[in-house]
Amino acid sequence: MRVCAIAGGVGGAKLAAGLQAVLPPGDLSVIVNTADDFDLWGLRICPDLDTVMYTLAGLANRETGWGVTDESFNTLAMISDYGEDAWFKLGDRDLATHILRTQRLRAGMSLTQVTADLSAALGIRNRLLPMCDEPVSTVLETPEGLLEFQEYFVRRRQRDDVLGVELRGIEKARVPVEVASAVSEAEAIIFCPSNPVVSIGPILAVPEMRELLSNCPVPRVAVSPIIGGKALKGPADEMLRSLGHEVSAAGVARMYEGLVDGFVMDRADENEEASISALGMRVLSTEAVMRDEPDRGRLAREVLNLCSKLDTV
Ligand code: FO1
């Protein structure tokens, strides 16, 4: 079954890895958020794209979920010796990715092409697709003023209330042809358990992306990143609250209304099943926490199974 997954960073990468494990090679395309990309020390950093790439390549740091395994930080230590504030932890191995990506982008290659080449070199046999080739940056409105995404997320450790989200450059973004064909060839579309505001939100905000996905006549399923009123990882719960959304699986489901016909959530949220069904979604309650690799494969299989049931409706 050809599957198109829509993902942000760590949570999305785990389900993408599960899908990769259970699908034949080549059947998976992952469209990834690039609105958390930024420039640091002259290098173009694409954190979500790299998180998914390293995870699919089996190279991800198991503890953090981001960055590379068996990493060292000698370059960063030297940068720090020069007096720079080394708040964003770029490892020596990870830096190779940023150096090559930056060099190739400067030479005129698109981010789509660079990503395809880097991921193929790491042995990934599926398609890893940035949501667009144009630079888009998430800027958050907070009580402290406007904050760039990584400033909020890493430097200030997500301590600020998010009162609004701005996606700078989104109006100039275009759906890459590679993304359009991955969606049109897909037999199922899966929204991974990523932050619906700052991970999935920017992907859907690329002009014409939402229409492309919602007009796609195949099963479309979202997996909740909120379990028992809490985010699996990151600030999604706090962010939903401060932006006025209900912090629950049902609250997430409402954000996907009109876009999906299936919804997967944890058993802890079973009591919300009726209100989600009322949105016109078929609901699956299961063990939605992915603690290890077998969990990823099992959840992927369950999501695909729900898709095949939707297909026959
Ligand atoms: N997240 C952190 O919390 N601290 C870091 O120092 C950090 C460094 C980092 C380096 C490369 C990379 O690809 C990701 C990195 N992340 C780090 C994760 C990342 O910034 C966030 O998880 C995402 O932007 C949110 O999805």
Side-chain angles (χ1 to χ4, degrees), residues 5-17 30-57 59-77 79-80 84-102 111 114-115 118-119 122 124 128 130-131 135-140 147-160 162 165 167-168 191-203 225-226 231-240:
I6 317 287
V10 179
K14 285 185 184 174
L15 185 59
V30 192
I31 303 173
V32 183
N33 172 40
T34 57
D36 66 341
D37 294 5
F38 71 122
D39 293 304
L40 187 61
W41 302 311
L43 298 174
R44 188 68 179 156
I45 319 286
C46 304
D48 281 358
L49 211 44
D50 290 345
T51 297
V52 179
M53 182 169 78
Y54 296 147
T55 305
L56 293 186
L59 284 176
N61 179 311
R62 304 291 297 197
E63 271 154 47
T64 56
W66 50 264
V68 188
T69 188
D70 295 326
E71 188 57 287
S72 55
F73 292 87
N74 297 313
T75 311
L76 198 72
I79 285 177
S80 187
E84 291 279 326
D85 183 357
W87 58 276
F88 197 78
K89 304 276 173 274
L90 292 177
D92 299 325
R93 302 183 77 197
D94 189 25
L95 274 161
T97 307
H98 313 311
I99 291 168
L100 291 180
R101 174 168 44 226
T102 305
L111 183 59
V114 174
T115 306
L118 294 177
S119 57
L122 292 182
I124 297 171
L128 186 56
M131 67 184 202
V136 175
S137 54
T138 303
V139 177
L140 303 172
L147 293 176
E148 305 239 330
F149 184 76
Q150 298 299 342
E151 184 84 18
Y152 154 83
F153 196 95
V154 175
R155 195 174 207 166
R156 296 174 62 84
R157 296 170 198 269
Q158 310 135 41
R159 63 172 176 259
D160 308 276
V162 174
V165 180
L167 297 170
R168 292 204 178 141
F191 292 87
C192 293
S194 299
N195 185 319
V197 178
V198 289
S199 297
I200 305 293
I203 302 176
I226 299 288
L232 271 172
K233 196 171 192 320
D237 44 8
E238 278 305 311
M239 214 179 257
L240 289 174

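Just follow the structure's listing: the first ligand is 1, and inside any ligand the first atom is 1. These values consider heavy atoms only, across backbone and side chains, with no hydrogens, waters or symmetry-generated copies.
Around the CZ atom of R159, the shell of radius 6.0 Å holds more than 12 heavy atoms that belong to other residues, nucleotides or ligands. Atom CD of E71 has more than 12 neighbouring heavy atoms from other residues, nucleotides or ligands inside a 6.0 Å radius.
Ligand 1 places these atoms under 4.0 Å from at least one heavy atom of F149: 24 (O), 25 (C). Remark: ligand 1 atoms within the under-4.0 Å shell around heavy atoms of D48 are 23 (C), 24 (O), 25 (C), 26 (O). Of all atoms in ligand 1, listed by their number and element, those nearer than 4.0 Å to a heavy atom of D94 are 10 (C), 11 (C).
For the side chain to side chain contact (heavy atoms under 4.5 Å, CB included) criterion with V52, the lone passing option out of D50, D48, L56 is L56. Test L49, V198, I203, T51 against N33 for side chain to side chain contact (heavy atoms under 4.5 Å, CB included) and you get one pass: I203.
Backbone and side-chain nitrogen or oxygen atoms of D36 are examined, and one is located within less than 3.5 angstrom of a nitrogen or oxygen of ligand 1. Of the polar atoms of D50, none of the N or O atoms is found under 3.5 Å from an N or O of ligand 1, judged by distance alone. Below 3.5 Å of separation, one finds an N or O of Q150 facing an N or O of ligand 1. Between T51 and ligand 1, a contact under 3.5 Å exists for no N or O pair.
Listed here is the closest heavy atom pair of L90 and D94: CD2-OD2, 3.8 Å.
Distance from atom 6 (O) of ligand 1 to its nearest protein heavy atom, with residue and atom name: K89 N, 2.9 Å. Protein heavy atom at the shortest distance from atom 22 (O) of ligand 1 is F153 CE2, 3.6 Å. Scanning the protein for heavy atoms near atom 10 (C) of ligand 1, the closest one is F88 CE2, 3.2 Å.
With rounding to the nearest 0.5 Å, the separation of OG1 in T69 from CZ in R93 is 7.0 Å.
For atom 18 (C) of ligand 1, the nearest non-hydrogen atom from the set W87, Y54, F38, W66 comes from W66. Between atom 13 (O) of ligand 1 and the options A60, G67, G234, P47, the minimum heavy-atom separation is to P47.
Ring geometry for F38 against F88 counts as perpendicular: the plane angle is over 60°, on a 0 to 90° scale with 30° as the lower cut.
The closest side-chain heavy-atom distance from P135 to R44 is below 4.5 Å.
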